[in-house]
2 protein chains.
Amino acid sequence: MITIYLDSNYKKPYYEQIYEYIRDEIKKGNIVHNEKLPSGRKLAEHLGVSRSTVDTAYAQLVAEGYIKSSPQRGYFVCEIDELLNILPVSYPISSVQSKEEKRFKYDFSPTGADSLNFPDTYWRKLSRECISYDDGTIFRSSEPQGDIGLRRELFNYLHQNRGVNGSPDNIIIGAGSQYLMMLLLKLIKPRSIIAMENPAYMPAFETFESLDRQVVPVPVDEGGMSVKELNRTEANIAYVTPSHQYPLGMVMTVNRRTGLLNWANYEPDRYVIEDDYDSEFRYQGKPIPALQSMDRGKKVIYMGTFSKVVSPAIRISYMLLPDSLMNRYRQTFSNFPSTVSRLDQAIMTRFLKEGYFERHLNRLRNRYRSRHDVLIKELKGFGELIRLSGIHAGSSVVMEWMGKMTEEELLECAEQQGIMLYPLKKYTIAPMFQMYPTFLMGFAQLTEEDIKAAVSLLKEVWR
Amino acid sequence: MITIYLDSNYKKPYYEQIYEYIRDEIKKGNIVHNEKLPSGRKLAEHLGVSRSTVDTAYAQLVAEGYIKSSPQRGYFVCEIDELLNILPVSYPISSVQSKEEKRFKYDFSPTGADSLNFPDTYWRKLSRECISYDDGTIFRSSEPQGDIGLRRELFNYLHQNRGVNGSPDNIIIGAGSQYLMMLLLKLIKPRSIIAMENPAYMPAFETFESLDRQVVPVPVDEGGMSVKELNRTEANIAYVTPSHQYPLGMVMTVNRRTGLLNWANYEPDRYVIEDDYDSEFRYQGKPIPALQSMDRGKKVIYMGTFSKVVSPAIRISYMLLPDSLMNRYRQTFSNFPSTVSRLDQAIMTRFLKEGYFERHLNRLRNRYRSRHDVLIKELKGFGELIRLSGIHAGSSVVMEWMGKMTEEELLECAEQQGIMLYPLKKYTIAPMFQMYPTFLMGFAQLTEEDIKAAVSLLKEVWR
């Protein structure tokens with residue numbers, strides 16, 4: 001007969017103490033395979049507990065497979081292949097993983113964004129309203145492609161501001177460009193080869209690399225990706241940033257756009273991915289229409305995100321697919337629920353619909369324009385020592401250094417002044433000829449005063 | 001000289017009217033390749049506008065590649081390969097895509113959840129607090145794996161309630177199981193073959209199919225997936241639901257668990273994916289520890305989600321990886337930002353930390369238990385005509401019909417009464433022998449009254 005010391009002061013109920021005792025005895029091998037356990041009635045009498053207490057313990061042991069019940073005969077211990085040890089383990093938390101980053105006072109990151117940009121007052125207001133007055137729908141699951149209300153507002157915005165054609169039915173909302181890219185790569189030809197501009201938008205390049213896709217670099221000139229060079233590759237997908245080449249900042253010419261669409265129309269499996277990154281920011285003239293607006297052969301996949309202009313914490317990106325790919329999406333992914341929470345979708349819908357987005361964008365554009373203008377003005381103080389390009393748009397400009405110092409010397413001097421700079425060569429995916437040291441000067445996360453102070457520090461040390 | 005009719009009442013500025021006129025003339029072929037445009041000064045005089053108005057229009061045409069500037073010589077029309085038409089297109093919205101679904105009064109869906117379950121009061125309270133008192137951090141981007149605060153709370157919960165071992169460092173938070181599965185499939189051997197229980201959790205099966213993965217079905221018996229059968233396959237990944245086999249509801253025995261871990265330890269590329277779906281709901285005894293708690297060879301990938309217990313609209317799922325895969329994740333995906341918005345992460349963190357989750361779970365468990373008990377009691381009224389299994393856990397039970405009517409007849413009769421039933425065979429991924437018509441009876445989205453009414457209707461028509 002099993003004797004178990006039952007502790008009534010112990011916070012665990014009796015049945016659990018009995019269960020644990022027998023389980024541990026089996027695991028230690030003290031009660032062995034096929035051994036018969038005392039009947040529930042007998043064990044209950046022996047331990048001075050109720051019959052149901054023992055029955056509950058036995059039921060648990062049966063449920064977990066330690067013992068089995070044989071009708072009319074009683075309970076028997078199962079065969080356990082291996083001694084098992086389920087020990088509580090205390091976990092070590094790695095002592096703050098983030099690499100020891102050197103803190104720079106002035107960071108000219110070309111991908112940075114000002115956290116002050118975030119329209120928190122409005123976003124909070126809308127968020128509170130969506131939460132408080134909602135009838136519960138925001139807590140039910142969303143359509144796989146994203147809520148139709150959001151897709152309609154987004155389509156209107158894209159159509160009016162970017163000349164994008166199509167329908168809200170062809171829009172897919174997703175939690176980040178990486179996720180959308182993962183979906184897209186499943187819709188196009190399995191072993192697609194992707195042509196990218198060199199230099200390139202590195203996050204996209206890294207996404208393709210992470211997903212094991214073959215990338216071929218194609219040189220760019222002042223008109224954008226060279227279609228002539230593209231034609232020499234085996235690529236069937238061209239990933240481009242026509243509105244504002246990342247990182248060089250030029251606009252793809254109409255000729256090049258036509259050439260690219262002709263290239264895509266040549267084979268059924270060819271597509272162009274247009275990443276319309278930073279297209280919201282032009283400080284001269286009117287916005288350049290998206291390449292997608294010229295697409296008649298249904299060859300352009302249009303991608304964009306709210307992460308840059310609203311907040312990186314708001315994970316809402318989108319893509320607009322040609323009909324052919326949209327049909328494949330419906331066949332393949334209609335069972336994948338949307339990755340964006342409905343609350344965020346509801347807030348974003350109102351943000352667009354009620355004009356907050358447009359006002360926010362105007363405010364941001366003005367702020368960036370001032371920073372852009374200050375940066376250009378300050379850098380011009382270097383006179384003949386520098387050459388600027390890729391200006392009047394986006395959130396960075398390209399600066400070539402024609403002075404005597406080498407790139408390493410320039411970087412080192414800047415670093416000593418607490419200034420973080422980004423050499424163009426960090427954005428190349430294949431060797432690229434550079435006559436002079438070249439830097440991308442991002443101005444999105446620096447105030448006008450910061451820009452003045454930083455450039456003035458550079459003037460002291462650079463020659 | 002170009003004569004443009006400039007309309008001062010028109011809402012477009014002059015520069016834009018000039019730009020559009022010239023652009024359209026080029027596109028129509030009225031101004032041809034290499035034709036020289038009038039100088040800015042001359043055109044401005046001619047049109048009676050300021051010089052800067054014309055310069056702005058020309059700059060836009062240059063930016064878009066319609067004309068080019070030749071220093072000292074003036075502006076020339078570029079060669080345009082093809083006549084382009086950028087026409088505004090009105091989009092047709094498909095007239096409500098959703099298939100005309102027959103409305104059923106009583107839906108015994110085994111995957112359904114009661115939308116009333118959602119703890120909206122608390123969630124809204126926390127949401128308002130996170131939005132109002134936040135210092136802005138929730139609007140900055142999150143760590144790729146998810147916020148460490150959330151991962152710590154989640155780990156504590158899993159460790160205490162499911163016996164899960166490891167560290168918050170090995171947790172990845174993502175917007176839905178499908179997204180996490182996409183990541184995971186990139187971390188394991190490229191052409192992995194996945195063994196699944198038959199019958200299976202269909203959303204997982206569909207995910208694997210959508211992602212082109214080869215799935216081999218492995219039969220289950222009352223102890224769970226047959227390891228003997230598993231060993232006969234070429235599979236290197238076993239996807240299992242040990243706590244509560246979906247859909248049959250049995251618990252994987254300790255023996256089977258050990259066998260499965262031994263199988264995985266046999267080859268370095270072998271892993272077990274433990275989907276701990278529905279493990280929160282047991283109505284008798286204490287919860288069954290997760291298979292992962294027995295894993296010493298670091299072979300178990302533990303997956304779970306808050307979508308089922310909190311809300312399908314809250315897109316927060318998670319997986320805990322063994323160190324080997326975690327290292328690969330860090331190498332491969334550290335540049336993929338988290339797919340869950342920081343606000344949702346912040347709310348979920350407090351929801352766990354401040355005990356709301358546990359209370360919510362208890363409330364939900366009690367509600368489901370009552371529905372479960374009522375369903376069992378009502379079904380037992382059929383006497384010898386039915387046999388029940390997979391009871392006391394999850395959100396559905398399995399019902400076999402031993403009467404004379406065929407499955408089709410049973411379904412048809414139920415349908416006529418407005419009752420939606422789910423035959424087990426819908427959940428099989430390979431042929432499976434069934435002695436009797438078998439249904440999964442989900443009780444999560446029906447009230448006790450609904451259950452009573454529906455079963456009583458069935459009693460009138462079934463024999």
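Only a predicted model underlies this, so the values are computations on that prediction, with no experimental measurement involved. In the text below, chain A, chain B and the rest are named by the order of the sequence lines, each starting its count at 1.
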- Engaged part of B/I316 at the chain A interface, taking heavy atoms whose separation is under 4.5 Å: neither
- Kindly indicate, with the supporting measurements, whether the criterion side-chain contact (heavy atoms from CB on, under 4.5 Å) is fulfilled by A/I347 and A/I314. CA-CA 10 Å; A/I347 298 169; A/I314 306 303; over 6 Å; no
- Proximity breakdown for B/S317 and chain A, heavy-atom pairs closer than 4.5 Å: neither
- Task: Heavy-atom pairs under 4.5 Å with chain B are the metric here; pick the option from A/D212, A/L211, A/T253 that has the most.
- Result: A/L211
- When A/P337, A/S311, A/A393, A/G223 are compared by non-hydrogen pairs under 4.5 Å with chain B, the top option: A/P337
- Message: Shorter than 4.5 Å, heavy atoms on both sides: which option in B/L183, B/T207, B/T56 has the most such pairs with chain A?
- Response: B/T207
- Query: Of all of B/E206, B/R342, B/E209, which one pairs up most often with chain A through heavy atoms under 4.5 Å apart?
  - Reply: B/E206
- For the pair A/N170 (side chain) and A/G166 (backbone), establish whether a donor and an acceptor sit closer than 3.5 Å, ignoring hydrogens and angles. no
- Message: Less than 4.5 Å to any heavy atom of chain A: does that hold for the side chain of B/V340, its backbone, both, or neither?
- Response: backbone
- Tell me, side chain or backbone of B/N335 under 4.5 Å from chain A's heavy atoms, or both, or neither? both
- Task: Decide yes or no for A/V251 and A/H244: does some side-chain heavy atom of the first lie under 4.5 Å from some side-chain heavy atom of the second?
- Result: no
- Item | Side-chain heavy-atom pair B/S338, A/R315 within 4.5 angstrom cut-off | no
- Assert top hit (heavy-atom pairs under 4.5 Å, partner chain B, pool A/S210, A/S127, A/P13, A/A175) equals A/S210
- Indicate yes or no for a side-chain donor-acceptor contact from B/Q60 to the backbone of B/E16 under 3.5 Å, with no hydrogens or angles considered. no
- Note on the structure: So, the part of B/R257 with a heavy atom under 4.5 Å from chain A: the answer is neither
- Message: Within this structure, what is the CG-CG distance for the pair B/L343 and A/D344, rounded to the nearest 0.5 Å?
- Response: 6.5 Å
- By a 4.5 Å heavy-atom criterion (distance strictly below it), what part of A/M250 contacts chain B: side chain, backbone, both, or neither? neither
- Indicate the ring-plane relationship of A/Y329 and A/F333, choosing parallel, tilted or perpendicular according to the 30° and 60° boundaries. tilted
- Query: Does B/H33 use its side chain to pair, donor to acceptor, with the backbone of B/C78 at less than 3.5 Å?
  - Reply: no
